[in-house]
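All ligand and atom numbering here is 1-based and tracks the order in the structure.
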Amino acid sequence: MLENLELLPPDSILGLSAACRADPNPDKVDLTIGIYMDERGVCPVFEAVQQAQRALVEQEISKAYLAPAGDELFNRGLQQLVLGSDSAALAAGRVSSIQTPGGCGALRIAAEVIHAAAPDARVWVSDPTWPVHIPLISSVGMPLEKYRYYDPASHGVNFDGMVEDLKNARAGDVVLLHGCCHNPCGADLSLQQWGVIADMAEQQGFMPFIDIAYQGLGDGLVEDAAGLRLLVSRLPEVIVAASCSKNLGLYRERTGATIFVCRDEANAQAILSQAAVAARRVYSMPPAHGALLAGRILTDETLGEVWRTELAAMCQRINQLRSDLRGALEKHSGLDFSFIEKEKGMFSFLGLSAEQALRLRDERSVYMLDSSRINVAGVNASNLEYLAESVASVL
Ligand code: LMR
């Protein structure tokens, strides 16, 4: 029976990343997958992670399973990081969370729980959104609707279009929002716009579902969570999918959590039991290593300080790269690329056609997604001029 299955095309992100790895051109530039790369083009291990890892190796006495809900210290630390240690919802005990295999696991468990609670719920996703949102959520059985988000002409958020589309979201629907550093476009909502979304959620009764995978890589840990915290402060129910892949550099350790902000403590515990059963059904127990490291870092003052300093430097470097890239592109093309400096996090759409992106790959070994999404953190001093000159050559 297996011979009936066809060979599938490569993943739109992973496939291009693999193609770049296989390219022998020494001048190749990899702007495909969203991982942070330093000046040497290496995705580094945080010093705080190395310290936590050394301590863990010394002290770990068992590799027995974690519970389906994962490590308690990690869950507590991540709740505080995302919601803020002064969160009223946390103080009221109306928050629960489950450790998951990365942000994808968090999205999946959230989708499973939402589907159990409201089988007819529609999930509204931004147009565009991270391509993996679509199969991750729809494979649970929930229909997806799109709301306008990115305006290619202004390179910013089409907020009027977003509001107009979300007027059709009804009570019992779910609206998936990017907490910060929108993937793929880098254009974020202002705090005032988050307030409008909170008003609409209150009036229409839809529930926000926030994917926050880049906290700390836009403006800072607190600033990047401001919109999310505003919604949590105003609404009875919010679900958050959080990831430690980028801000702790734990990509391959698959470290994330689904955080449920519920109406009351009893409901938070009921939802957690549902999430644990969903996890048992899908993968049983989460992987331990990354969460044991993150739990230590997020709850230990000294380690936490080492980590926050490293993350702030990373964030600052990305923002510097944005301004360097803008300068180099404008110099080589004579066109306006000021939007790159206004966006947040790792991603930006350069505004090229799929054909231009393909030419860049074929003629210059410059790899970006077909949509012209680039990972700004793949730029460095040694590839900047080549990249900008290459982009200008296809414009
Ligand atoms: C990306 O968008 O490139 C990252 O989130 C990595 C991935 O899994 O797609």
Side-chain angles (χ1 to χ4, degrees), residues 8-21 28-38 41-44 82 100-111 125-139 149-150 176-188 209-218 224 240-258 283 286-287 290 311 314-315 318 321-322 340 343-350 352 354 357 360-361 366-379:
L8 293 175
D11 179 89
S12 62
I13 298 174
L14 305 180
L16 284 171
S17 163
C20 183
R21 274 200 305 278
K28 68 186 175 185
V29 183
D30 185 357
L31 306 177
T32 58
I33 191 162
I35 56 176
Y36 178 85
M37 287 183 274
D38 63 16
V42 172
C43 176
V82 173
T100 56
C104 283
L107 288 161
R108 177 62 186 227
I109 291 301
V125 297
S126 64
D127 183 14
T129 194
W130 181 47
V132 191
H133 277 150
I134 314 274
L136 258 176
I137 296 169
S138 64
S139 60
Y149 187 80
Y150 181 68
L176 180 63
L177 299 154
H178 295 231
C180 61
C181 308
H182 189 279
N183 181 2
C185 68
D188 281 350
F209 172 16
I210 305 174
D211 182 359
I212 187 154
Y214 294 86
Q215 187 183 356
L217 291 160
D224 292 350
V240 180
S243 167
C244 302
S245 294
K246 329 280 167 165
N247 58 12
L248 277 140
L250 289 170
Y251 306 86
R252 65 173 63 166
E253 304 296 355
R254 311 311 297 136
T255 310
T258 318
Y283 53 76
L311 181 63
M314 218 174 232
C315 177
I318 292 178
L321 286 173
R322 285 188 171 278
I340 294 179
E343 296 158 347
K344 303 289 174 201
M346 287 193 187
F347 303 116
S348 178
F349 278 136
L350 284 188
L352 309 183
L360 278 170
R361 282 205 286 281
V366 171
Y367 289 76
M368 61 187 65
L369 303 193
D370 289 346
S371 60
S372 84
R373 186 197 82 169
I374 59 163
N375 171 19
V376 177
V379 180

Listed partners of Tyr36 passing ring-ring contact (aromatic ring centres under 6.0 Å, His included), at least two apart: none
Can you list the atoms of ligand 1 that are under 4.0 Å from a heavy atom of Arg373? 1 (C), 2 (O), 3 (O)
May I ask you to decide if Cys181's main-chain N or O and Asp188's side chain share a donor-acceptor pair within less than 3.5 Å? yes
At a 4.0 Å threshold, what atoms of ligand 1 neighbour a non-hydrogen atom of Gly34? 1 (C), 3 (O), 4 (C)
Taking only residues two or more places apart in sequence, or in another chain, which ones meet Glu343 in a salt bridge (Lys or Arg N to Asp or Glu O under 4.0 Å)? Arg322
Cys180 and Ile212, any side-chain heavy atoms less than 4.5 Å apart: yes
What protein heavy atom is closest to atom 4 (C) of ligand 1, reported as residue, atom name and distance in Å? Lys246 NZ, 3.3 Å
Ring centre gap for His182 and Tyr149 strictly below 6.0 Å: yes
For ligand 1, is Tyr214 a contact, meaning one of its heavy atoms is under 4.0 Å away? yes
Side chains of Arg108 and Thr100 only: does a donor on one sit below 3.5 Å from an acceptor on the other? no
closest protein heavy atom to atom 8 (O) of ligand 1 is Trp130 CZ2, 3.6 Å
Looking only at protein heavy atoms, which one is nearest to atom 6 (C) of ligand 1, and what is the separation? Ile33 CG1, 3.7 Å
Indicate, as side chain, backbone, both or neither, the part of Asn183 found under 4.0 angstrom from ligand 1 when only non-hydrogen atoms are considered. side chain
